[in-house]
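Heads up: the structure comes next, in structure tokens.
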Amino acid sequence: MKQKRLWGTVLLFGCITLSMATLAWSDGWEWGENDEHEGRGFMQQTAGVPPVINKAYKNECSACHFAYPAGFLPKRSWIKMMATLDDHFGENAELDDETMHEITTYLSSYAADQAPNRFSRSITRSIADKAVPLRITETNYFLREHREIPKRMVQGNIKVRSFSNCLSCHTGAERGSFDEDSVSIPGYGRWED
Ligand code: HEC
Ligand code: HEC
């Protein structure tokens, strides 16, 4: 019995080490210029959501807004969104089939319910099993995390306008960092809780 548990622990630890190494590796590989992103060790990496690494997604889905990290919506949400791009929040964001499939696969495999980081876990928990939200900003987790921010800093702020503009406040968003420490609200500066 004891022996079994020991092996279980060894195996689990091995898996964790391996997945961390994979993260660190894919990170360095994708960004290429590691020296430009110094200080972003893989510990910090696993604490945030994985940054966007798919080129097609980055190209096609950041034309009108920041390319939202896949880890902020569950797989079922991305699948529904990708299937309804002809009416995407009132815009036509349709893609050719091949690109559409590539992006759907990417978003699905890095979706909130597939990712182990703490943000993704909290988001997944905050969404009802049957719900298929298309907005990150309407999930209970998002609403809870942002409930203390007054309207004048968002809707009433010409440099922000909408919570959908993550990048205007989360200065580290493009590298997957949404830490409170890296928040700076335009016109108001750092957020002190
Ligand atoms: C033609 C412009 C356009 C393109 C291209 C586009 N979007 Fe959007 N997207 C919008 C608009 C407009 C909104 C609503 C923004 C708002 O309410 O401020 C939006 C909102 C979103 C939201 C919800 C943000 C929130 O409030 O939580 C997600 C997620 C999203 N888009 C994903 C995608 C994906 C994935 C792609 C690529 C397949 C994509 N978008 C391409 C225009 C676009
Ligand atoms: C108006 C500025 C603003 C915008 C826009 C904004 N946020 Fe935030 N966000 C904040 C602030 C401020 C906090 C910290 C709130 C607190 O501690 O009370 C925060 C907290 C968070 C947290 C929790 C961080 C933690 O360490 O627990 C996440 C995750 C997050 N935001 C994601 C997003 C995403 C994704 C978007 C875009 C869809 C977004 N935010 C848009 C200001 C903003």
Side-chain angles (χ1 to χ4, degrees), residues 44 46-52 54-108 110-112 115 117-127 132-193:
Q44 195 183 337
T46 48
V49 289
V52 171
N54 181 276
K55 288 218 172 66
Y57 176 61
K58 228 186 248 178
N59 289 342
E60 304 296 342
C61 303
S62 66
C64 306
H65 49 67
F66 161 64
Y68 303 105
F72 279 133
L73 282 177
K75 185 172 170 177
R76 59 186 185 279
S77 295
W78 290 123
I79 287 175
K80 182 173 177 191
M81 188 177 304
M82 293 306 291
T84 53
L85 286 178
D86 57 330
D87 184 9
H88 177 76
F89 303 94
E91 303 271 344
N92 187 338
E94 257 183 311
L95 297 167
D96 64 77
D97 276 2
E98 196 186 327
T99 315
M100 194 264 284
H101 286 305
E102 182 187 338
I103 295 175
T104 308
T105 305
Y106 166 69
L107 289 171
S108 301
Y110 287 84
N117 67 77
R118 74 177 170 100
F119 297 124
S120 296
R121 268 201 308 261
S122 307
I123 286 179
T124 305
R125 269 203 300 266
S126 87
I127 301 171
V132 190
L134 294 184
R135 280 188 185 271
I136 300 161
T137 51
E138 280 173 0
T139 61
N140 282 331
Y141 170 75
F142 186 94
L143 296 171
R144 193 166 63 229
E145 289 294 330
H146 297 85
R147 67 171 182 254
E148 284 171 22
I149 308 169
K151 274 205 156 75
R152 72 189 146 84
M153 296 189 184
V154 191
Q155 292 85 349
N157 186 343
I158 49 161
K159 294 205 176 108
V160 182
R161 281 295 184 212
S162 154
F163 268 122
S164 307
N165 297 324
C166 321
L167 203 53
S168 55
C169 301
H170 290 280
T171 58
E174 266 170 336
R175 31 168 233 272
S177 165
F178 287 85
D179 256 20
E180 284 166 32
D181 307 345
S182 57
V183 173
S184 175
I185 303 181
Y188 296 91
R190 285 182 61 109
W191 179 258
E192 308 290 350
D193 216 0

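As the structure lists them, so they are numbered: ligands from 1, and atoms in each ligand from 1. Quantities reported herein were computed from a predicted structural model and do not represent experimental measurements.
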I need the [X] [atom1] to [Y] [atom2] distance, nearest 0.5 Å.
| X | Y | atom1 | atom2 | answer |
| --- | --- | --- | --- | --- |
| E60 | E94 | CD | CD | 12.5 Å |
| I149 | Q155 | CD1 | CD | 10.0 Å |
| L143 | I136 | CG | CD1 | 12.0 Å |
| S162 | H65 | OG | NE2 | 10.5 Å |
| I79 | T104 | CD1 | OG1 | 7.5 Å |
| R121 | S126 | CZ | OG | 13.5 Å |

Under 3.5 Å, N or O to N or O, is [X] touching ligand 1 that way?
| X | answer |
| --- | --- |
| R135 | yes |
| N92 | no |
| Y57 | no |
| I136 | yes |
| E60 | no |
| H88 | yes |

Exercise. Would you call the rings of F66 and Y68 parallel, tilted or perpendicular if under 30° counts as parallel and over 60° as perpendicular?
Worked result: perpendicular
Exercise. Using 30° and 60° as the class limits, which term best fits the ring planes of F163 and F142: parallel, tilted or perpendicular?
Worked result: perpendicular
Problem set entry | Structural part of F66 in contact with ligand 2, heavy atom criterion under 4.0 angstrom | neither
Exercise. For ligand 2, does F178 get within less than 4.0 Å through its side chain, its backbone, both, or neither, judged by non-hydrogen atoms?
Worked result: both
Which ligand 2 atoms are under 4.0 Å away from a heavy-atom of [X]?
| X | value |
| --- | --- |
| V154 | 1 (C) |
| I149 | 10 (C), 11 (C), 12 (C), 42 (C) |
| C169 | 1 (C), 2 (C), 3 (C), 4 (C), 5 (C), 42 (C), 43 (C) |
| F119 | 24 (C), 25 (C), 26 (O), 27 (O), 29 (C) |
| E148 | 18 (O) |

Nearest heavy-atom neighbours spanning [X] and [Y]:
| X | Y | value |
| --- | --- | --- |
| M82 | I103 | CE-CG2, 3.6 Å |
| P186 | K159 | CB-CB, 3.6 Å |
| I123 | G71 | CD1-O, 4.4 Å |
| L73 | M81 | CD1-CE, 3.9 Å |
| W78 | L107 | CE3-CD1, 3.5 Å |
| L134 | F89 | O-CZ, 3.5 Å |

Provide, to 0.1 Å, the distance between [atom] and the closest protein heavy atom, together with that atom's residue and name.
| atom | answer |
| --- | --- |
| atom 5 (C) of ligand 1 | C64 SG, 3.6 Å |
| atom 14 (C) of ligand 2 | E180 CG, 3.5 Å |
| atom 13 (C) of ligand 2 | V183 CG2, 4.1 Å |
| atom 29 (C) of ligand 1 | M81 CE, 3.5 Å |
| atom 36 (C) of ligand 1 | C61 SG, 2.9 Å |
| atom 15 (C) of ligand 2 | E145 O, 3.3 Å |
| atom 25 (C) of ligand 1 | T137 OG1, 3.3 Å |
| atom 21 (C) of ligand 1 | F89 CE1, 3.3 Å |
| atom 12 (C) of ligand 1 | E91 CG, 3.8 Å |
| atom 16 (C) of ligand 2 | W191 NE1, 3.2 Å |

Exercise. Is the closest N or O pair between R118 and ligand 2 shorter than 3.5 Å?
Worked result: yes
Exercise. Do ligand 2 and N165 have nitrogen or oxygen atoms that lie under 3.5 Å from each other?
Worked result: no
Exercise. Among the heavy atoms of L134, does any lie under 4.0 Å from an atom of ligand 1?
Worked result: yes
Exercise. Of all the heavy atoms in E138, does at least one lie under 4.0 Å from an atom in ligand 1?
Worked result: no
Problem set entry | salt bridge (Lys or Arg N to Asp or Glu O under 4.0 Å) assessment of R118 paired with D179 | CA-CA 11 Å; R118 74 177 170 100; D179 256 20; 3.7 Å; yes
Problem set entry | atom 8 (Fe) of ligand 2 to nearest N/O/S of H146 less than 2.8 Å | yes
Exercise. Between atom 8 (Fe) of ligand 2 and H170, is there an N, O or S atom separated by less than 2.8 Å?
Worked result: yes
Exercise. Going through the checks in order, is the side-chain hydrogen bond (donor to acceptor under 3.5 Å, both in side chains) test met by D87 and T84?
Worked result: CA-CA 6 Å; D87 184 9; T84 53; over 6 Å; no
For this session: Please report the C-alpha distance between N54 and E102 in whole Å, then the side-chain angles of each, then the deciding distance to 0.1 Å, and finally whether the side chain to side chain contact (heavy atoms under 4.5 Å, CB included) criterion is met.
Result: CA-CA 9 Å; N54 181 276; E102 182 187 338; 3.2 Å; yes
For this session: Using a 4.0 Å heavy-atom threshold (strictly under), name the region of R161 that reaches ligand 1: side chain, backbone, both or neither.
Result: neither
For this session: May I ask which of Y188, F163, Y141 has a heavy atom nearer to atom 41 (C) of ligand 2 than the others do?
Result: F163
Exercise. To which of S122, S120, S162, C166 does the heavy atom nearest atom 37 (C) of ligand 2 belong?
Worked result: C166
Exercise. Y68 heavy atoms, cut-off 4.0 Å: which ligand 1 atoms fall inside?
Worked result: 21 (C), 22 (C), 24 (C), 28 (C), 29 (C), 30 (C), 31 (N)
Exercise. Of all the atoms in ligand 1, which lie at a distance below 4.0 Å from a heavy atom belonging to M82?
Worked result: 38 (C)
Problem set entry | Derivation and outcome, side-chain hydrogen bond (donor to acceptor under 3.5 Å, both in side chains), residues D96 and T99 | CA-CA 6 Å; D96 64 77; T99 315; 2.8 Å; yes
For this session: Would you confirm whether the ring centroid of F72 sits within less than 6.0 angstrom of the ring centroid of F178?
Result: yes
